[in-house]
Structures are given as C-alpha cells and as structure tokens.
Amino acid sequence: MADLTGRVQIAHLLRRAGFGATVAEIDEYAALGFGGAVERLLNPQRFPQPELDAPLAAIDIDPATNQAAFPMLQVEWLRRMIVTKTPLQEKMALFWHGHFATAKSKVNSPALMRQQYQLFLAQGLGNFQELVLAVSQDPAMLIWLDGNQNRAKSPNENYGRELLELFMMGIGNYSEDDVKASARAFTGWFFTGDRSTANGKAYINGRFAFEPKQHDNGQKTFLGQTGNWDGGDIIRIALNHPATATFIATKLFRFFIWDAPDAAVVAPFAAAFAQHGFDLREMMRTIFLSPEFSSERAYRAKIKSPIEYVAGLMRTLGLTHPTRDAIIAARQMGQELFDPPNVGGWTSGLGWISPGSILDRANYANKLVTARKATANLAAFDPASILGGQSFTAPEALADWLIGLMLDGVATADQRAALVSYLKLNEQGQPGNFTLNAQTLDSKVRGLIHLVAAMPTYLES
C-alpha cells in the first residue's frame, strides 16, 4: 500500500478528478499542496481554454453535409480529456453524461448531443437544482424521453418516472401517483429546432419551447404537496425530499471514492450536500477533502472505465491527438461516448471487467506504444519522449522510474523483478545485460510500458 501523501496523493487525486497526469502535471499540482490542488480543480473558470472550445464549436454537425459528425465529436471530447487544463470539468461532464444518460442511437442529432455536452461542461459544478432544470429543458433529453409527446390530454410518463427513479430520488422513495403527477407537471415542455435538409429526423439545432395549450393546469399532489405544479415545482419539491441528497451523494461517492458505500458512510456527505444548498462545487470539495477520499480503502479501489483507461494512458504517454481508433477501442471495451446503453447509463466497478475486455485493454496499450509511424488511425509514439531526456544505466532504475510514473511506485517485489528480468532478456530471450540505447529504447522501453499498462494495478484508478 502506498503512503497516501505528497505526490502519491496528488496522483490519486488527478486520476479520480481527471484522467491521470504526466510527470510535469503532478509536479505542478504537488507544488500547490493537496488543498491548493483541489481548489485549482474546483475552479475551471480560472483557466479559459479557447483553443479547445473553438475546434468543438467548428465541427460541422449537419448530417446532410457531414456523415462523420458523431465520430468527430467523440474524438474531440476524448482529445479534450487528454489535453485539458481543467480535468475535473471534463470528468464531471462524463459523470453527468452517465447519470442523465441520453444516446445518439435515439437522439440522432450530433448538434443536440454536442449541446448537451456543453451544458454539462457549463453547469456540472454548479447548483444541482439548476442543472436538473436545464437538463429537463434540454432538447436531447426531450427527444430521449419523449418530451414532445407529453401533452395535457395524454401525459407521457417517461421523463417524470426517470426523473424520480434515476435522476433525483431512487426507487422506493415515491409512489406511482407521484409519477403520474410529475408527468402532468411536465406537459407542454417541448422543444423546437431546425431539421437537417437530408434527414427529417435529425436536428441541427434545438431550443426549449413551452406550449401553454399542451400544459395541464390542474391541481396535482406530488410527494404530499398539492398545487398547480409545473416541472420546475416538481424538481424543487423532489430536491427537498431527504432521499434526493442521499441518492446523489451516493452516486458521487461511488464514482469518485469507492463502490458500494454503506449508508452510514454516505450520510455525512448527503447532509453536507443539503446544507450547502445542493451546490456541486461544495459537494466535490467535501468529497476530495474527506478522510475517505485519501484513505487506504479508496486507493486503487475503482476500476477505470474504458474511456478513463484510454484517455489516461494517452495523457500519461503524451499522445495528444487521438483518432477514431481510440473511440473504437473504448467501444470494444464497453464504453462509447454519446452512446450509453440505456437510460440507466453505463456499468461500473467489476462490470467493466471480463476476460475479453482485459485483453482488449492490453491489446490497445500494445497498439499505442508500438506505433512507430503516424497513420490516419493512430498517432506515432516516441518512447524517448516519456523519459524526458533521462538516461538509465541500470534496468532496476528504469523499471522503478516507470513504476513511479504509472503505478505511483506501488508494485510487489515479484512484479518489479519480472519487469527487470524482461529488460535483461536479449533478443534470443536469454538473460543478459541491459544498456539503454536506440535499440533498447525502441524495443524494450516500448515493451516495458505495455507490460505496466496491462498490469492489474494499472486497470485500477
């Protein structure tokens, strides 16, 4: 077990609050101290990145003119995860994308999915009530859960139900009558927009549009309160039910600290969330500064999702230009951006791991580190770049350095010995001496990185 202080604690923070880090990034955050590093992550507005925002906005999202719009959006989001100066902002967007899960399979509009992603970027660390209201009026969500079919004379319960079950309260904290009242309150919450000239089902923009004639203005009883409620009232009333703070605090705890926490462990976090007026920045500050976050139990206690694995490995290796190949690899491992499998979002924990997915991860790591020439589908990797000009005269020193970079220095004696033995093997597979030169840099260092990236510890966050 690592001593969870200093650089190890910073590396742990940057994996959970982001997608890992280079040596330089760990140095930069470590100089701030742990508290200072947390504050930097919590305030992305202090680090504007127009160089990232411009390419995202420039993608042609009309299916009539660009059939590759979705792949381009996926690659661009992955690139942002890798190069961003504000990793928590991107990590929160990924969390909310899985929480308020909508998918391109039904939304069928790159423009609306991009718009929703930008919503998560802008409000992912804001006020939870305001975030839920914005999502409830988001065109992608209104398509996904049939908002435009929710009319006064025939309420559609899809959004009203999922709002309570998956987005705010959790099963067991409301009744079927509450679902029906919720559906009635959201009637008339539609959207409008311009459709693609080539595909009448695909929108190239969208905006919320309330239709008074389609809204049910009758009295509604929801969670024991009666009134002429609309959707905003439903959100407000549900927010103040004790179940909501607990439900959201539990999901955030699971995502950022460890899986399956006991109710007693979550209770103080839920109380803090409510006490701070459901402010998400304050909630994340509470999480990161908690003893639980920096505990032995939390360290390497979570399995990286496929996107976390791909983005983190590329970020650590300094590969800043992902291609469609990276998106395909993550999909094969079980996760595709803008396409969660259902309204419940992606799996977590051991759900990410199977014999096939472990092999997929190892194979992708090998593909990355052995790419000697750039192609349309893969960036070239120069192993010298990761060493930063350092020269290692002993295989033990090189193995220890890479273990430090990729595993926080945490490896068993047997694991370390296996890596050192690999470095000492000659081209005939016989034990020999190791010298760092152009040949061993091209073969042995690439292979060493692949071996570490395939280790069980590296699969853990």
May I ask you to check if Lys85 and Phe47 form a cation-pi contact, with NZ or CZ under 6.0 angstrom from the six-membered ring centre and within 45° of the axis?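 No cation-pi geometry.
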
Here's one to test your reading of the geometry: is the NZ or CZ of Arg315 within 45 degrees of the ring axis of Phe19 and under 6.0 Å from its centre? no

Consider side-chain contact (heavy atoms from CB on, under 4.5 Å). Of [options], which one does [X] pass it with?
{"X": "Ile307", "options": "Met81, Gln74, His97", "answer": "Met81"}
{"X": "Val310", "options": "Leu78, Ile327, Asp325", "answer": "Leu78"}
{"X": "Met314", "options": "Thr320, Leu368, Val83", "answer": "Leu368"}
{"X": "Pro383", "options": "Thr440, Leu448, Thr370, Leu441", "answer": "Leu441"}

Check this for me, if you would: do [X] and [Y] make a salt bridge, where the nitrogen-to-carboxylate-oxygen distance has to be below 4.0 angstrom?
{"X": "Asp408", "Y": "Arg300", "result": "yes"}
{"X": "Asp146", "Y": "Lys106", "result": "yes"}
{"X": "Asp53", "Y": "Arg80", "result": "yes"}
{"X": "Arg161", "Y": "Glu165", "result": "no"}

Can you classify the ring geometry of Phe100 versus Phe128 as parallel (below 30°), tilted (30 to 60°) or perpendicular (above 60°)? parallel

Looking at every heavy atom in both [X] and [Y], which two are closest together, and how far apart are they?
{"X": "Leu317", "Y": "Val369", "result": "CD1-CG1, 3.9 Å"}
{"X": "Leu52", "Y": "Glu76", "result": "O-OE2, 3.9 Å"}
{"X": "Val410", "Y": "Ile403", "result": "N-CG2, 3.8 Å"}
{"X": "Thr457", "Y": "Gln415", "result": "OG1-NE2, 4.3 Å"}

Has the side chain of Arg114 got a donor or acceptor atom that lies under 3.5 Å from a matching backbone atom of Leu56?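 Checking the backbone N and O of Leu56 against the side chain of Arg114, a donor-acceptor pair under 3.5 Å is found.
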
Give a yes or no on whether the ring-centroid distance for Phe191 and Tyr203 is below 6.0 angstrom. yes

In Å, rounded to the nearest 0.5 Å, how long is the span from [atom1] of [X] to [atom2] of [Y]?
{"X": "Arg254", "Y": "Phe95", "atom1": "CZ", "atom2": "CZ", "result": "10.5 Å"}
{"X": "Lys302", "Y": "Trp352", "atom1": "NZ", "atom2": "CH2", "result": "10.5 Å"}
{"X": "Ser109", "Y": "Phe338", "atom1": "OG", "atom2": "CZ", "result": "11.0 Å"}
{"X": "Glu336", "Y": "Trp346", "atom1": "CD", "atom2": "CH2", "result": "9.0 Å"}
{"X": "Leu407", "Y": "Asp400", "atom1": "CG", "atom2": "CG", "result": "11.0 Å"}

Using the salt bridge (Lys or Arg N to Asp or Glu O under 4.0 Å) rule, pick out the option among Arg16, Lys91, Arg15 that qualifies with Glu308. Lys91

